[in-house]
Each structure stands twice: as structure tokens, then as C-alpha cells.
Visitor: 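Encoded as C-alpha cells, here's the structure I'll be asking about.
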Amino acid sequence: MRELQISGVRVVIGEAEELDFAVRDAILDVIRRKPDAVLMFPTGSTPEGVYAALVSHFRRRDPGRPEPSWAETRCLNMDEYWRLPPWDPQSYSWYMRTHLYEWLDVQPGNLYFPDAMAPTPEDACDTMERHIRQLGGLDHCFLGIGVDGHIAFNEAGLPRSRTHVIDLAPSTIQANQRFFSSPDEVPTRALTAGIDTLLGAKQITLLAKGEGKAEAIRQTLTGEMGVHCPASFLREAADRSTIYLDAAAASQLPGEGS
Ligand code: PGA
């Protein structure tokens with residue numbers, strides 16, 4: 001793996017699998033330092049390798065070697081489809097339970113999901129912000145990135161804010177169709193932690209893989225900072241952010257690519 005700094009952000013470039021292990025280790029380091037850390041997690045295809053690496057690391061724990069337990073760790077999902085109940089296999093709470101939480105010793109009372117079944121979306125957003133405040137803020141936020149530069153469900157072009165409800169962009173609905181059996185089943189609204197919620201984390205880790213993310217990464221690190229590329233605001237948190245990229249996702253950065 002190679003490390004560089006771009007716009008003050010630490011950038012790590014490597015092979016897809018070694019990136020999964022590096023992000024796994026970054027998350028484990030947070031828990032080693034602070035067992036009751038508050039962690040925020042994304043869904044999607046990109047984090048799957050990291051979650052598999054965290055699970056296999058946990059299952060291989062050697063009782064003689066102190067390795068982090070998740071028993072005190074507080075885990076939050078950053079977004080959720082509005083009105084998909086937690087028992088729906090397409091919901092993000094289902095995703096996190098099946099990919100990560102049910103394989104670790106996390107305590108159910110330490111898990112938090114945006115409440116897609118709250119009386120109103122505004123209630124759900126207020127409750128989530130209050131919960132983050134009560135926990136003392138986020139210690140670590142792990143992010144993916146969309147092809148348009150979105151982070152969580154903060155779509156390109158919308159004003160930055162804290163947790164809010166969003167009408168999903170047609171490109172996001174289309175990208176998410178692959179998880180549903182028919183296009184009309186894809187939810188069109190979602191609850192999401194806002195840019196300002198995510199930037200409030202003490203440490204931020206973004207992982208991107210594949211050529212489809214290369215333009216979004218170029219914009220994030222070297223384009224103009226603004227709502228046209230929500231991830232570009234990470235540069236405001238450059239001192240506490242690391243972006244992990246495979247060669248394809250890094251290919252449009254200066255000096256990278258062929
Ligand atoms: P992906 O999604 O990891 O499935 O590419 C990332 C995102 O849209 O935030």
C-alpha cells in the first residue's frame with residue numbers, strides 16, 4: 001500500500017483485499033483505544049469485504065490474547081429507507097445485522113438504526129440527532145461514496161445539513177434497483193445522517209473501489225468543494241480523514257492512472 005496526502009487528506013492506495021484489512025484494523029484500533037466507542041456504519045457493496053474481515057477476525061479471537069470485544073461498542077447506521085421496516089431484508093438495519101452485528105458480541109441495546117417507522121420523518125431525524133448527542137458524538141464514521149459523490153444518502157446538489165429526510169436522486173434509485181425484484185419496489189425516500197452529522201465524527205474513513213468511483217474521488221480530493229460533490233466537504237475534516245482507494249478508484253487523481 002502507498003500513502004500520500006491530497007488536499008491535506010491522508011490517501012492510501014492498495015489492492016482491494018489489503019484495503020479491507022486496513023479499514024478493519026482502523027476500526028479495531030478505535031475499539032482497542034475506547035471499548036465503548038460510538039461507530040457509524042454504511043451499507044452497500046463496498047463495505048462488505050471490511051465486514052467479512054471484521055467477522056473473521058472476531059471469530060478467530062484467541063482467548064489468551066486480548067482482542068477487542070464489541071460488548072460495550074455503540075454502533076449506528078447512517079441511513080435507512082423511509083418506511084421499510086427493520087425486518088424487511090432490503091432494509092439497512094437488516095443488512096447491518098446480517099453482515100456484521102449478529103456475528104459479533106455487540107449488545108442489542110447498543111445498536112441504533114434511523115427509525116423508518118416513526119410517526120413522521122422529522123421525528124425520526126430529531127430522535128437520531130438527539131441520540132448521537134446523548135452518546136457524546138461519533139468517534140468513528142466509516143463511509144462509502146456514490147458515483148455522484150454522495151456520502152450516506154446526501155445526494156449531490158442539496159444543501160448540507162444534519163440528519164434529514166431525502167427524496168432519492170433518480171441515479172441512486174436506479175443504482176439500488178439491483179437489490180429489488182422490480183423497479184417499483186425501490187423506495188424513493190430515505191432518512192440520512194447529514195454532511196454535518198458525518199463531519200462531526202472524531203475520525204472518518206472512506207473506502208472506494210472501482211473505476212465507477214474514480215471521477216467522484218477526483219472531485220472529492222481535487223475538485224471545487226461544494227454540494228455538487230458532497231464528499232468534497234471531507235476536506236474540511238482533512239486532519240482526521242483517511243480515504244482508502246484501489247488503483248481503479250484512484251486512476252483520475254494527479255499522477256495516478258496510466
Ligand atoms: P456501493 O454504494 O458501495 O454499493 O457502491 C456506495 C454508495 O452509494 O454510497
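Order of listing sets the numbers, starting from 1, for every ligand and every atom in it. Residue numbers count from 1 along this sequence. Because the structure is predicted, anything quoted here is derived from the model rather than measured.
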Visitor: Under a 3.5 Å cutoff, is there a donor and acceptor pairing between the side chains of Tyr51 and Asp20?
Guide: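 The answer is no; no qualifying pair exists.
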
Visitor: Would you say Thr43 and ligand 1 have an N/O pair spaced under 3.5 Å apart?
Guide: no

Visitor: To check your reading of the model: name the closest protein heavy atom to atom 2 (O) of ligand 1, its residue, and the distance in Å.
Guide: Lys213 NZ, 4.2 Å

Visitor: Could you verify whether a donor N or O on one side chain and an acceptor N or O on the other, from Ser45 and Arg178, lie under 3.5 Å apart?
Guide: yes

Visitor: Centre of Tyr81's six-membered ring, under 6.0 Å away, within 45 degrees of the axis: is that where NZ or CZ of Arg189 sits?
Guide: no

Visitor: What residue and atom, counting heavy atoms only, is the protein's closest point to atom 3 (O) of ligand 1, and at what distance?
Guide: Thr46 OG1, 2.5 Å

Visitor: Have a look at ligand 1 and work out which part of Ile145, if any, has a heavy atom under 4.0 Å from it: side chain, backbone, both or neither.
Guide: backbone

Visitor: How close does the nearest protein non-hydrogen atom get to atom 7 (C) of ligand 1, and which residue and atom is it?
Guide: His150 NE2, 3.4 Å

Visitor: Which is it for Arg178 and ligand 1 at heavy atoms under 4.0 Å: side chain, backbone, both or neither?
Guide: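 Under 4.0 Å from ligand 1, Arg178 contributes side-chain atoms alone.
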
Visitor: Between Met40 and Ile132, which heavy-atom pair has the shortest distance, and what is it?
Guide: CE-CD1, 4.1 Å

Visitor: Quick check: are there more than 12 heavy atoms from other residues, nucleotides or ligands sitting under 6.0 Å from CD of Gln174?
Guide: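 Not more than 12 within 6.0 Å, no.
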
Visitor: Nearest protein heavy atom to atom 4 (O) of ligand 1, by residue and atom, and its distance?
Guide: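 Nearest protein contact, heavy atoms only, for atom 4 (O) of ligand 1 is Ser45 N, 2.9 Å.
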
Visitor: Between Tyr95 and Tyr92, what is the ring plane arrangement, given parallel below 30°, perpendicular above 60°, and tilted in between?
Guide: perpendicular

